[in-house]
Structure formats: C-alpha cells, structure tokens
Amino acid sequence: MKIAAIAHLRCNPYGHPSWNVVQKTIKCSRSTISSAIKHKSLAVSTQCADPEVEANKSVAIILWVHVENGSKFTRGKKAVREKIAWMLLTNYQGQKLNDIETRIMIQFADDADLKEQIDEILDEIYQIADFRNCEITDLSLQEESTGRYWDECDGGWK
C-alpha cells in the first residue's frame, strides 16, 4: 500500500511528511488525500462503538447562571451569557429556558464521572466569564427529575 511508504519520507519540523512529498509519493491531489483520511477516521470511529458507553445513564439538569460585569468600567455581560449559552447548547444538547436558565443533558457512567463532568462545565463557565472580565455572582444546578441541587463545595447532590 502506498500509505505505508510515507513513513520513511522526509519530515517537516513537526515530524510529519510535507504535503508535497506525500502527493508525489501517492500521486494524488491534496483534497483526495484529505477526503480519504476523513472517510477512514469516520469509519474507524463508527466501528469502535463501545457498548459500555451506550449503557450510560443520563440526567437532565437545569443550570441557572447570573453574570455581572467585573467593575463599572468593564463591559461584556451579554457576550458572556451568549457564549455560555452557546457552549451548553452545542456540547450538552441544551435548551435555553430563559435568559439565565438552560436545561442540559449529561451522559455519565457513575457518580465520579458525573462529578468530573459537572466540574468541567463549571470550570469552563468561570473561564468564559473571567476572559471577559466578568464574574459569576450566582450559579446553581438542579436535577430536573428529583429537584436536588448540586453543592459546589462538596461536589455532590443535596
């Protein structure tokens, strides 16, 4: 196979063969090579579906975030709200309930996995606010089905 021949080719500073060398070796255009790589990576990812991942539990959470400007001289509260909402909508199948509430779905294997994912969400929310010199003055997570609240200090449901 021609792709195996690429391994011994001259490499760029990052340790990968340059596009020109690969194109000359395989005698294909750059777009054909890129398409083949994308197609192969999609085929591999669909074949490697882990049955354990499909058996994960899911939980619906209502996230309430209140954002304020860091001082009277800073702006960006609206942009922070929009960025947080976009992140939740795209990464966690979220639904925007109103300006400060969003319903998200989290897939998890066990309580430790759920805690880790919620910590990542909270870290990202705080980083988004900090980047725009804003602060999160109040943040709460409520499990929709049971009404339990997430305690940030203990890292568990109350």
Problem set entry | NZ (K83) with more than 12 external heavy atoms under 6.0 Å |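 At most 12 heavy atoms, drawn from other residues, nucleotides or ligands, come within 6.0 Å of this atom.
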Exercise. Do other residues, nucleotides or ligands put more than 12 heavy atoms under 6.0 Å from the OH atom of Y126?
Worked result: yes
Exercise. Should the pair K115-D111 be classified as a salt bridge under the 4.0 Å nitrogen-to-oxygen rule?
Worked result: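 Salt bridge: no.
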Could you measure the distance from the [atom1] atom of [X] to the [atom2] atom of [Y]? Nearest 0.5 Å is fine.
| X | Y | atom1 | atom2 | answer |
| --- | --- | --- | --- | --- |
| E124 | L88 | CD | CG | 8.5 Å |
| K72 | T74 | NZ | OG1 | 11.5 Å |
| W64 | N98 | CH2 | CG | 9.5 Å |
| N56 | L114 | CG | CG | 11.0 Å |

Exercise. Are I136 and I100 in one and the same hydrophobic cluster, where Ile, Leu, Val, Met, Phe, Trp and Tyr link if side-chain heavy atoms are under 4.5 Å apart?
Worked result: no
Side chain proximity check, [X] to [Y], heavy atoms < 4.5 angstrom:
| X | Y | answer |
| --- | --- | --- |
| T102 | I62 | no |
| I106 | I121 | yes |
| D99 | K96 | yes |
| K57 | Q107 | no |
| M87 | I125 | yes |

Minimum heavy-atom separation for [X] and [Y], please, with both atom names.
| X | Y | result |
| --- | --- | --- |
| F108 | D110 | CD1-O, 3.3 Å |
| M105 | Q93 | O-OE1, 3.7 Å |
| G94 | L89 | O-CD2, 3.0 Å |
| G76 | C134 | C-SG, 3.8 Å |
| A129 | V80 | CA-CG1, 3.9 Å |

Problem set entry | Backbone of H66 reached by a side-chain donor or acceptor of D138 within 3.5 Å | no
Exercise. So which of K77, R132, R81 actually passes salt bridge (charged side-chain N to carboxylate O under 4.0 Å, His left out) with E68?
Worked result: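 That would be K77.
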For this session: Indicate whether any N or O donor in one side chain lies under 3.5 Å from an N or O acceptor in the other, for Q117 and D113.
Result: yes
For this session: With side-chain contact (heavy atoms from CB on, under 4.5 Å) as the test, would you mind laying out the steps for Q142 and R148 before giving the verdict?
Result: CA-CA 6 Å; Q142 180 183 15; R148 298 183 301 170; over 6 Å; no
Exercise. Does L141 have any side chain to side chain contact (heavy atoms under 4.5 Å, CB included) partners at least two apart in sequence or in another chain, and if so, which?
Worked result: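 Partners of L141 under the side chain to side chain contact (heavy atoms under 4.5 Å, CB included) test: I61, L63, I118, L122, L139, W150.
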